[in-house]
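Report on the structure given below.
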Amino acid sequence: MHILIEKNAQRSDLARDILKKIPNKKTTVITSAASPCIAGSVSDQKRSLLLAVNKGSAVREFRRMDGLVQRREYYIYFAQNCPLDCQYCFLQCYGGHAVPTVFVNQRKILREVETVLRNEAHPFFHTGELADSLVFDPLIDLNAKLTALFARYPNGRLELRTKCAEVSRITAATPAPNVTVSWTFTPDTVIRLYERGTPPLAARIRAAQKCQAAGYAVGLRLDPIVACADWEQTYEKMVRDIFSRLDHRKLESAVLGVFRYAPALEKVIKERFPKSDILINEFVPCVDGKMRYFKPLRIGIYRNIIGMIRRHAPNLKITLCMETPEVWESVFNK
Ligand code: SF4
């Protein structure tokens, strides 16, 4: 593996630990993450790793529409990009390069999170905005530290969002009631077609089971939902598989979102995955500039999948991700 390390990250203990954990590496010292050393295709870049210092704010505000209500959330900027390779991932064309990057100055990150926890009544954080929450855990072991921090601040909430199956570090930590681990669950046909390098559905369910057994609340994220051929049967089987293995009473909530993309991503998908049919449906531009399936198809998908979930967990809280108020209205107040 090619490791790029920023000059000022070299002194960090965490950087030294990470380097010790990676065999067969070539290491290049660079002056900054904007270095011209970062070259090659997106696929090449995804096979590298950058150890960097977080110089800006590690806690970033995010405003999310929850139906008609706008909610303020924070995401923790602990890493950027991902070694996994989902065709629909916006990180392929975000932030100048696609090299999986971890920030080695964790004490600063934890300090900034603690400041918000101390000063705000009920802050909500997540870590899955610019990277998978667990994918770097074997190298950086941040989630156990975050969990211990949130255990001391019951006023805050943290959600870890992942597709990963490796959960040994967080299951070994003492769970905190205000920390939820949420999995993006996808049918295996969709995983095989569009989520290269990610664990199969059964492995994700097993990992979620382990977290429930360890005492964590688990969240379901069906996002993105892809309108593949036979999507009704495919998603129905997946929902059955999930609820046959997970305890629905220990689920925190379910979040549903259909596949959507910004126009810049279309070009990347067509270049990197020329045989992909993920863009084959008709898409319409929406007010946020993203392309989505036609509204009636989206509403049909949501109503159907919510019905499937309700058969197993009648009282589970279900919300939509990045949807318009009209779609919320049609789905929940039909
Ligand atoms: S797992 Fe998440 S962050 Fe990683 S490539 Fe897929 S969508 Fe992107």
Side-chain angles (χ1 to χ4, degrees), residues 1 40-50 52 60 62 64 73 75-103 125-140 142-143 159-167 170 180-208 211 218-226 228 238 255-262 264-269 271-273 276 278-279 290-292 321-322:
M1 181 187 267
S41 65
V42 170
S43 302
D44 290 339
Q45 292 181 7
K46 275 179 170 280
R47 286 191 286 271
S48 310
L49 178 71
L50 170 60
R60 300 189 173 196
F62 182 82
R64 179 173 65 89
E73 301 181 351
Y75 68 89
I76 302 172
Y77 187 40
F78 75 104
Q80 183 168 329
N81 298 329
C82 184
L84 311 179
D85 202 1
C86 304
Q87 289 185 9
Y88 51 75
C89 182
F90 75 99
L91 293 169
Q92 296 169 95
C93 54
Y94 179 87
H97 66 79
V99 178
T101 303
V102 293
F103 298 120
F125 296 79
H126 68 91
T127 54
E129 192 60 26
L130 297 179
D132 183 285
S133 295
L134 297 191
V135 76
F136 298 112
D137 233 24
L139 293 176
I140 65 174
L142 178 64
N143 290 307
E159 185 185 16
L160 309 175
R161 297 176 182 167
T162 191
K163 291 189 177 91
C164 291
E166 164 52 46
V167 290
I170 44 168
T180 300
V181 194
S182 291
W183 265 268
T184 296
F185 290 114
T186 320
D188 277 320
T189 46
V190 176
I191 295 174
R192 276 194 296 272
L193 286 170
Y194 312 120
E195 297 181 350
R196 187 158 72 187
T198 67
L201 175 65
R204 297 184 203 181
I205 297 176
R206 260 195 313 276
C211 280
V218 161
L220 309 183
R221 292 189 74 85
L222 311 190
D223 181 19
I225 297 164
V226 180
C228 54
M238 181 187 79
V255 179
L256 275 58
V258 295
F259 170 52
R260 57 206 174 268
Y261 62 92
L265 184 61
E266 181 175 348
K267 188 166 168 271
V268 179
I269 294 175
E271 274 171 20
R272 293 196 65 221
F273 307 99
S276 174
I278 197 165
L279 299 172
K290 293 202 174 130
M291 306 295 288
R292 287 178 174 79
C321 183
M322 311 262 288

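One-based numbering, in listed order, for ligands and for the atoms of each.
Within the set Lys46, Arg161, Lys163, the minimum heavy-atom distance to atom 1 (S) of ligand 1 is found for Lys163.
The pair Arg260-Asp223 counts as a salt bridge, with a side-chain nitrogen and a carboxylate oxygen less than 4.0 angstrom apart.
Taking the side chain as every heavy atom from C-beta outward, Thr184 and Arg161 never approach each other to under 4.5 Å.
Among the atoms of Cys86, an N, O or S atom is found under 2.8 Å from atom 6 (Fe) of ligand 1.
From Ile76, atom CD1 reaches atom CZ of Phe103 across 13.5 Å, with rounding to the nearest 0.5 Å. The OG1 atom of Thr186 sits 11.5 Å away from atom CG of Leu193, with the distance rounded to the nearest 0.5 Å.
Counting only heavy atoms of the protein, atom 4 (Fe) of ligand 1 lies nearest to Cys82 SG, 2.3 Å.
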Using the rule given for side chain to side chain donor-acceptor pair (under 3.5 Å), can you reason through Ser41 versus Arg272, listing the C-alpha separation, both sets of side-chain angles and the distance that settles it, and then say yes or no? CA-CA 9 Å; Ser41 65; Arg272 293 196 65 221; over 6 Å; no

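For ligand 1, the atoms sitting less than 4.0 Å from at least one non-hydrogen atom of Cys89 are 5 (S), 7 (S), 8 (Fe), numbered in the order shown with element in parentheses. Counting the atoms of ligand 1 from 1 in the order shown, those under 4.0 Å from a heavy atom of Leu91 are 3 (S).
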